[in-house]
There are 2 protein chains.
Amino acid sequence: MKPIPTKARILLVEDDTSLGYVIKDNFEQDQLDVCLCEDGELAFQAFETNPFDLCVLDIMLPKLDGFTLAQKIRSINKDIPIIFLTAKSMKEDKINGFQIGADDYMVKPFNIEELLLRIKVFLKRSVKESMTDFYKLGAYNFNHPNLELLHADQIKHLTQKEADLLKLLCEQQDKVVKREEILTKIWGNDDYFAGRSMDVFISKLRKYLSHDLQIEIINYHGIGFKIKVN
Amino acid sequence: MKPIPTKARILLVEDDTSLGYVIKDNFEQDQLDVCLCEDGELAFQAFETNPFDLCVLDIMLPKLDGFTLAQKIRSINKDIPIIFLTAKSMKEDKINGFQIGADDYMVKPFNIEELLLRIKVFLKRSVKESMTDFYKLGAYNFNHPNLELLHADQIKHLTQKEADLLKLLCEQQDKVVKREEILTKIWGNDDYFAGRSMDVFISKLRKYLSHDLQIEIINYHGIGFKIKVN
DNA sequence: AAGATTGTTAACGAAATGTTAAAGTCTTTA
DNA sequence: TAAAGACTTTAACATTTCGTTAACAATCTT
């Protein structure tokens with residue numbers, strides 16, 4: 001999975017050049033990364049070759065109309081929010097049709113601030129969704145639900161237990177987690193053998209994380225473990 | 001929110017007659033077609049003989065409880081959204097159990113407007129899904145409603161189950177889909193044999209998709225599967 | 001220094017999965 | 001209504017994976 005982007009990337013498709021640039025400028029002042037395309041085909045090419053977080057599509061476009069473009073985009077990515085820009089002249093029933101494939105739509109002429117506001121809502125939502133159970137650990141990214149530990153495009157697949165253990169440590173980064181707590185939460189009992197098994201897992205995690213020397217899993221003798229990033 | 005084109009048909013199962021009628025009236029004012037049943041057996045008979053778009057089930061029901069009813073409904077239609085109504089007294093862990101088979105649940109006493117809103121979300125989603133039920137998978141195009149998997153002008157016809165499984169994986173591309181989820185949604189139960197049957201289907205899909213080496217269906221031991229396009 | 005705790009590696013065995021084929025089930029067709 | 005065909009499940013066997021345990025080394029505590 002991709003690392004957390006600094007700027008959200010917006011695909012803006014608008015054939016009216018001057019309007020397009022007005023919107024683009026406004027968005028960029030709000031720390032959005034905008035790719036402006038002037039027709040549907042160019043837009044789709046851009047979408048195929050670059051990652052985006054959200055699309056703003058005019059309905060009336062040269063070469064490939066916004067609705068068809070949206071379908072093609074959706075065939076690649078079902079989740080990406082799509083906002084349509086519609087002309088005022090558009091008939092109601094047609095708008096209803098569009099609504100189905102759209103996450104939102106705005107009727108021209110619209111207030112750019114209003115559009116920005118709605119975009120922010122979608123971005124906030126998707127950040128929230130993708131951030132759940134996602135931990136940053138030095139040079140690593142740890143995706144708990146997917147059981148993946150990423151480092152410089154290398155993916156290490158973890159087992160459920162490895163992932164659960166790493167998560168428990170990450171949740172309490174820089175704090176000592178008691179052996180007893182780990183054992184009861186993940187192993188379900190805290191006898192001698194479970195304890196030794198856990199030590200084996202700690203050893204494995206250390207090996208997986210050894211590419212970043214800033215990361216340490218420190219043992220507190222007789223107490224537990226702490227994960228630390230210098 | 002705008003009404004959905006044709007009237008959506010709701011199966012409402014609630015043994016508290018007065019509450020049932022209140023809900024029914026509210027729904028009907030919102031252009032929903034409601035069939036109210038007072039016990040689980042009647043509800044199942046109704047489901048067998050009439051088409052529905054969504055079910056709202058009370059958990060505590062005479063003759064056949066909501067959970068069992070949901071399983072029976074699922075054995076006929078895996079896709080239909082099911083919303084449970086639970087009493088406040090129900091324990092958390094039990095609710096978690098229900099969540100597996102449920103798409104949503106509401107705790108009594110609840111706001112009917114809220115319930116209506118959630119129903120609308122499901123109905124809208126299913127309309128949206130049926131319109132965007134096409135997936136691009138590396139060099140393949142997958143048309144779920146037509147059960148077709150296309151590759152360089154070659155058409156491979158899939159069976160319903162093959163297509164449903166592939167769809168479930170595609171909907172959550174790059175995410176691990178739990179065995180349990182696949183089994184409850186597509187097989188309707190998650191015993192040992194259903195699991196083995198699923199493994200056979202995974203094997204088949206891998207064979208169908210083997211012309212594009214970029215596509216992988218990865219097993220997460222004991223957890224589930226993930227489809228990935230490099 | 002002695003005993004307890006932890007680090008690390010390897011081996012074992014149970015369980016899960018991959019794959020192919022045979023056996024069942026259901027529907028279509030003649 | 002029987003045979004054929006399409007599809008799913010079950011069986012069988014090969015392969016892989018994972019957690020535990022054992023074994024021994026290293027480290028800590030007192």
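All values below come from the heavy atoms of this structure, side chains included, with hydrogens, waters and symmetry mates left out. Letters A, B, ... mirror the listed sequences (proteins, then strands); counts begin at 1.
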Looking just at side-chain N and O atoms, do His157(A) and Asn146(A) make a donor-acceptor pair shorter than 3.5 Å?
-> no

Which whole-number value in Å describes the distance from [X] [atom1] to [N] [atom2]?
| X | N | atom1 | atom2 | value |
| --- | --- | --- | --- | --- |
| His157(B) | dC7(D) | NE2 | P | 10 Å |
| Ile182(A) | dT5(C) | CD1 | C1' | 15 Å |
| Ile217(A) | dG7(C) | CD1 | P | 10 Å |
| Ile223(B) | dC18(D) | CD1 | P | 9 Å |
| Leu209(A) | dT8(C) | CG | P | 12 Å |
| Leu147(B) | dA6(D) | CG | P | 15 Å |
| Phe225(A) | dC28(D) | CZ | P | 13 Å |
| Asn219(A) | dT8(C) | CG | P | 10 Å |

Validate the cation-pi geometry between Lys204(B) and Phe201(B): distance from NZ or CZ to the six-membered ring centre under 6.0 Å, angle to the ring axis within 45°.
-> yes

For Glu48(B), does the CD atom have more than 12 heavy-atom neighbours from other residues, nucleotides or ligands under 6.0 Å away?
-> yes

Does the side chain of Lys161(B) get closer than 4.0 angstrom to OP1 or OP2 of dT9(D) through an N or O atom?
-> yes

Indicate whether OP1 or OP2 belonging to dT17(C) is found under 4.0 Å from a side-chain N or O atom of Arg179(B).
-> yes

Can you tell which of Leu205(B), Ile155(B), Leu166(B) makes a side-chain contact (heavy atoms from CB on, under 4.5 Å) with Leu149(B)?
-> Leu166(B)

Geometric class of the Phe47(A)/Phe44(A) ring pair [parallel <30°, tilted 30-60°, perpendicular >60°] = parallel

Quick one: sort the His151(A) and His211(A) rings into parallel, tilted or perpendicular, breaks at 30° and 60°.
-> parallel

In residues 186-201 of chain B, which ones come under 4.0 Å of DNA chain C, going by heavy atoms?
-> Arg196(B), Asp199(B), Val200(B)

Among dT20(C), dG18(C), dG19(D), the one nearest Ile202(B) by side-chain distance = dG18(C)

Please determine, for the side chain of Thr159(B), which listed nucleotide (dG18(C), dT8(D), dC18(D)) has the closest atom?
-> dT8(D)

If each of Lys204(A) and His221(A) is mapped to the nucleotide of DNA chain D with the nearest heavy atom, which maps nearer the 5' terminus, i.e. the 5' end?
-> Lys204(A)

Quick one: does Thr68(B)'s side chain have a donor or acceptor within less than 3.5 Å of a partner on Leu64(B)'s backbone?
-> no

